[in-house]
Amino acid sequence: MINKEIARIFREISEYLEMQEDSFRSKAYARVSRTMEETQEDVVQIYERGGKKEIENLPGVGKSIAEKIEEYIKTGRIAYFEELKQKEPIDISSLTAVEGLGPKKIKKLYNELGIKTLNELEVAAKEGKIRKLADFGDKTEQNIIKGIQFLKQSGNRLLLGSAYIIAEEIIAKIKQCKGIEQVGVAGSARRMKETIGDIDILAMIEKPEDASAVMESFVSLPEVINIYSKGATKSSIRLKEGMNVDLRILSQKSYGAGLMYFTGSKDHNIEIRKVAAKQGLKLNEYGLFRGNKQVAGDSEEQIYEYLGLQFIPPEMRENTGEIKAAMDNKLPRLIKEEDIMGDLQIQTNWTDGEHAIMDYAEAAIKKGWQYILITDHSKRLAMVGGLDEKRLREQGKEIDAVNKILANKGYNFKVLKGIECDIIKDGELDLADDALAELDIVGAAVHSYLNLPAALQTERMLKAMENRYVNIIFHPTARIINQRRAMELQMDLVIEAAFKSGIALEINAYPDRLDLKDEYIRKCVEKGVKLVINSDAHSVRHMDYLKFGVAQARRGWAKREDVANAWPIDKLFKKLKNDRKR
DNA sequence: GCCGTTTTCGGCCCGACTGTTTTCAGTCG
């Protein structure tokens with residue numbers, strides 16, 4: 001996958017151009033860098049499908065940049081970038097990673113002191129050379145030293161699941177401050193991105209004079225190890241966990257505008273501000289203005305409405321067509337957590353799960369669900385005691401017994417018989433067809449040989465999908481966020497096969513999986529491929545993860561109709577099972 | 001370098017905070 005590599009090169013080009021004061025061209029490259037970062041489909045595949053023209057369809061990509069992408073695909077390099085690097089051989093990406101250092105300062109450091117690398121920067125700072133430069137001073141030098149220190153100990157972006165917990169803890173503390181009307185999370189956490197860089201928190205206060213006390217208690221939270229900035233309305237800190245948190249304080253009449261601004265995404269905001277500008281309006285984080293007069297701002301709903309747009313849910317705010325859709329009144333009604341009627345992937349103490357079938361059933365009933373599917377591993381996963389045909393049938397008896405007890409208690413609830421059947425290397429399934437035939441719903445998943453080349457891996461997957469008993473492919477790409485790359489799969493072919501066969505693809509809600517990714521989900525939705533959102537619970541408490549899967553589905557523009565486990569049980573059987581074209 | 005319901009040329013989101021300076025450039029989001 002070369003998208004990330006191209007993204008990095010364009011980001012560096014952007015920074016070189018910024019050094020040369022070519023700000024607009026720089027922004028053009030920065031924008032395409034973000035696009036490449038977010039594009040899930042391999043740009044090589046896009047190129048193979050439709051050549052340079054197809055690449056130009058990517059937002060922000062024009063003729064010149066499309067040519068550079070083509071050049072990279074063909075030759076593995078971009079001559080323009082090589083020239084820039086040769087002229088000024090600076091390790092820009094490492095240096096800009098230092099908080100407070102940007103292209104202009106880096107340029108000065110290079111010109112005055114010949115600094116090219118992080119190491120040279122650190123040495124110069126520690127030797128006190130930086131403070132002597134014009135426009136630099138003691139503080140800047142200290143901040144550089146600190147910045148390098150933090151850089152060395154900071155790791156990956158945090159999983160949404162973890163960031164959420166941290167944000168909630170901080171919010172709870174801020175809520176206790178005097179004069180606080182409302183506190184909420186904004187930023188990528190509110191957009192429910194799968195990983196989070198910084199946590200953004202927004203607070204509304206009644207009286208402006210309370211602001212400084214709120215800021216004071218924010219920056220003195222016990223977890224704080226650095227204060228980047230502290231102002232009347234905006235402060236920025238770093239937590240022990242290695243995570244940066246911003247707090248912004250707003251008045252009631254600006255809360256909606258601030259929430260919108262702080263939620264992003266950046267590209268969404270830029271586009272929305274352009275929409276405003278076209279109507280002779282100005283949008284900033286304080287409100288929507290005509291001249292000096294505020295015409296909207298206390299709620300997001302009000303701002304979108306004034307601009308003639310439908311309300312755009314935060315998960316959609318990525319500038320990938322949602323603004324146009326909102327303009328045309330064509331936003332989909334996204335799936336909600338309340339729409340979910342059951343969970344179709346649960347591991348019990350028959351294999352590597354923590355709890356018994358009845359425990360999960362009771363928890364599901366509490367959630368108001370109508371069914372769960374029990375899906376322990378199959379025998380190939382010997383490590384966790386995967387079920388063979390015999391034990392699977394024994395488990396079926398326990399499920400029957402649980403259902404009987406629940407029925408006697410008067411619950412309208414059903415435990416369904418399933419399996420997470422291993423797809424072995426050649427695409428065959430791990431269990432015999434006659435055993436699968438006895439189950440209500442069959443899930444299949446890859447757990448081994450994750451490094452096969454794309455063609456082979458795809459062939460394997462398609463072969464498994466030919467099995468007439470398979471209803472769902474679990475965690476289709478097998479990635480683990482921050483740990484393991486997705487399998488190399490030609491997803492277009494997999495999605496096509498799912499469409500033809502009537503097999504559903506899973507959105508696995510486990511925080512470090514979230515597999516399918518949002519972009520693939522959107523392709524499924526466009527194509528009419530059925531989805532399911534499962535917790536992959538190995539414990540009763542994991543069933544709460546479903547909300548992250550729902551969020552991922554929303555980021556992929558999925559509606560209730562697209563998600564099989566948002567359907568009542570009879571429709572679930574009809575559409576997922578009996579409609580399966582065999 | 002990109003882009004178009006004012007446009008194929010002339011624009012390009014907007015503001016807070018910091019540090020170094022006497023009015024602002026650089027950085028960040």
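Only this structure's heavy atoms are used, side chains among them; waters, hydrogens and symmetry mates stay out. Lettering of chains follows the sequences in order, A, B, ..., and the numbering in each one begins at 1.
- When all heavy atoms of A:T320 and A:W557 are compared, the pair lying nearest together is O-CZ2, 4.0 Å.
- With hydrogens and angles ignored, the 3.5 Å screen pairs no side-chain donor or acceptor of A:E122 with any backbone N or O of A:I145.
- If you take CD of A:E56 and C1' of B:dG1, they are 12 Å apart, rounded to a whole angstrom.
- Distance noted for atom C1' between B:dG19 and B:dC13: 25 Å (whole Å).
- Protein atom CG of A:N57 is 10 Å distant from nucleotide atom P of B:dC3, rounded to whole Å.
- The partner of B:dC28, taking Watson-Crick or G-U wobble pairs whose two distances both stay under 3.5 Å, is B:dG15.
- Note on A:V275: nothing from the nucleic acid sits closer than 4.0 angstrom, heavy atoms only.
- Taking only side-chain nitrogens and oxygens, A:T140 never comes nearer than 4.0 Å to OP1 or OP2 of B:dT18.
- Taking 90° from 0 as the syn/anti boundary, the base of B:dT7 is oriented syn.
- For the side chain to side chain contact (heavy atoms under 4.5 Å, CB included) test, residues two or more places apart in sequence or in another chain that qualify with A:A66 are A:K52, A:I55, A:E56, A:V61.
- Nearest-nucleotide mapping onto DNA chain B: of A:D200 and A:A28, the residue sitting toward the 5' end is A:A28.
- A straight line from CG of A:L250 to C1' of B:dG29 spans 14 Å, rounded to a whole angstrom.
- Applying the ring-ring contact (aromatic ring centres under 6.0 Å, His included) definition to pairs two or more places apart or across chains, none involves residues 172-208 of chain A.
- A:V32 comes within 4.0 angstrom of nothing in the nucleic acid, heavy atoms only.
- Nearest heavy atom pair, residue A:L159 against residue A:P511, reads CD2-O, 3.8 Å.
- A donor-acceptor pair is defined here as one N or O able to donate and one able to accept, closer than 3.5 Å; no such pair exists between the side chain of A:E141 and the backbone of A:F136.
- To the nearest whole angstrom, the two P atoms, one in B:dC12 and one in B:dT6, are 15 Å apart.
- Here the P atom of nucleotide B:dG26 and the CG atom of A:L109 are 13 Å apart, to the nearest Å.
- Across all strands shown, A:N269 has no heavy atoms under 4.0 Å from either base or sugar-phosphate atoms.
- B:dT20 and B:dC14: their P atoms are spaced 30 Å apart (whole Å).
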How far apart are the C-alpha atoms of A:Y47 and A:K53, what are their side-chain angles, what is the distance that settles it, and do they pass the side-chain hydrogen bond (donor to acceptor under 3.5 Å, both in side chains) test? CA-CA 8 Å; A:Y47 181 68; A:K53 274 271 156 311; over 6 Å; no
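- Distances were taken from every side-chain heavy atom of A:K108 (C-beta onward) to each of B:dG26, B:dG29, B:dG1; the shortest belongs to B:dG26.
- Applying the salt bridge (Lys or Arg N to Asp or Glu O under 4.0 Å) test to residues at least two apart or on different chains, the pairs with a partner in residues 207-233 of chain A are A:K173-A:E223, A:K178-A:D210, A:E216-A:K230.
- Nucleotide B:dG26 holds its C1' atom 9 Å from the CD atom of A:E18, rounded to whole Å.
- Distance check on atom C1': B:dT7 versus B:dC2 gives 13 Å, rounded to whole Å.
- As judged by a 4.0 angstrom heavy-atom cut-off over every strand, A:L17 is placed among residues making no nucleic acid contact.
- Residue A:D22 is classed as having no contact, given no heavy-atom separation below 4.0 Å to the nucleic acid.
- Straight-line distance from the CD1 atom of A:I144 to the C1' atom of B:dT18: 13 Å, rounded to whole Å.
- Following rounding to the nearest Å, A:R25 (CZ) and B:dG11 (P) show an atom-to-atom distance of 17 Å.
- Counting only residues at least two apart or on different chains, the salt bridge (Lys or Arg N to Asp or Glu O under 4.0 Å) pairs with a member in residues 184-203 of chain A are A:E38-A:K193, A:R190-A:E300, A:R191-A:E318, A:E194-A:R479, A:E194-A:K517.
- A salt bridge links A:K63 to A:E67: at least one charged side-chain nitrogen sits closer than 4.0 Å to a carboxylate oxygen.
- Between A:L101 atom CG and B:dC28 atom C1' there is a gap of 13 Å when expressed in whole angstrom units.
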Could you write out each protein N or O paired with an N or O of nucleotides 14-17 of chain B at a distance under 3.5 Å?
| unit_1 | atom_1 | unit_2 | atom_2 | d |
| --- | --- | --- | --- | --- |
| B:dC14 | O4' | A:R273 | NH1 | 2.8 |
| B:dG15 | OP1 | A:K282 | NZ | 3.0 |
| B:dG15 | OP1 | A:N284 | ND2 | 3.1 |
| B:dA16 | OP1 | A:Y286 | OH | 3.0 |
| B:dA16 | O3' | A:T233 | OG1 | 3.4 |
| B:dC17 | OP1 | A:A232 | N | 3.3 |
| B:dC17 | OP1 | A:T233 | N | 3.1 |
| B:dC17 | OP1 | A:T233 | OG1 | 3.2 |
| B:dC17 | OP1 | A:K234 | N | 3.0 |

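- For the segment residues 298-324 of chain A, the set of residues with a heavy atom within less than 4.0 Å of an atom of DNA chain B is empty.
- Remark: of the listed residues A:I106, A:L113, A:L95, A:L95 is the sole one forming a side chain to side chain contact (heavy atoms under 4.5 Å, CB included) with A:L121.
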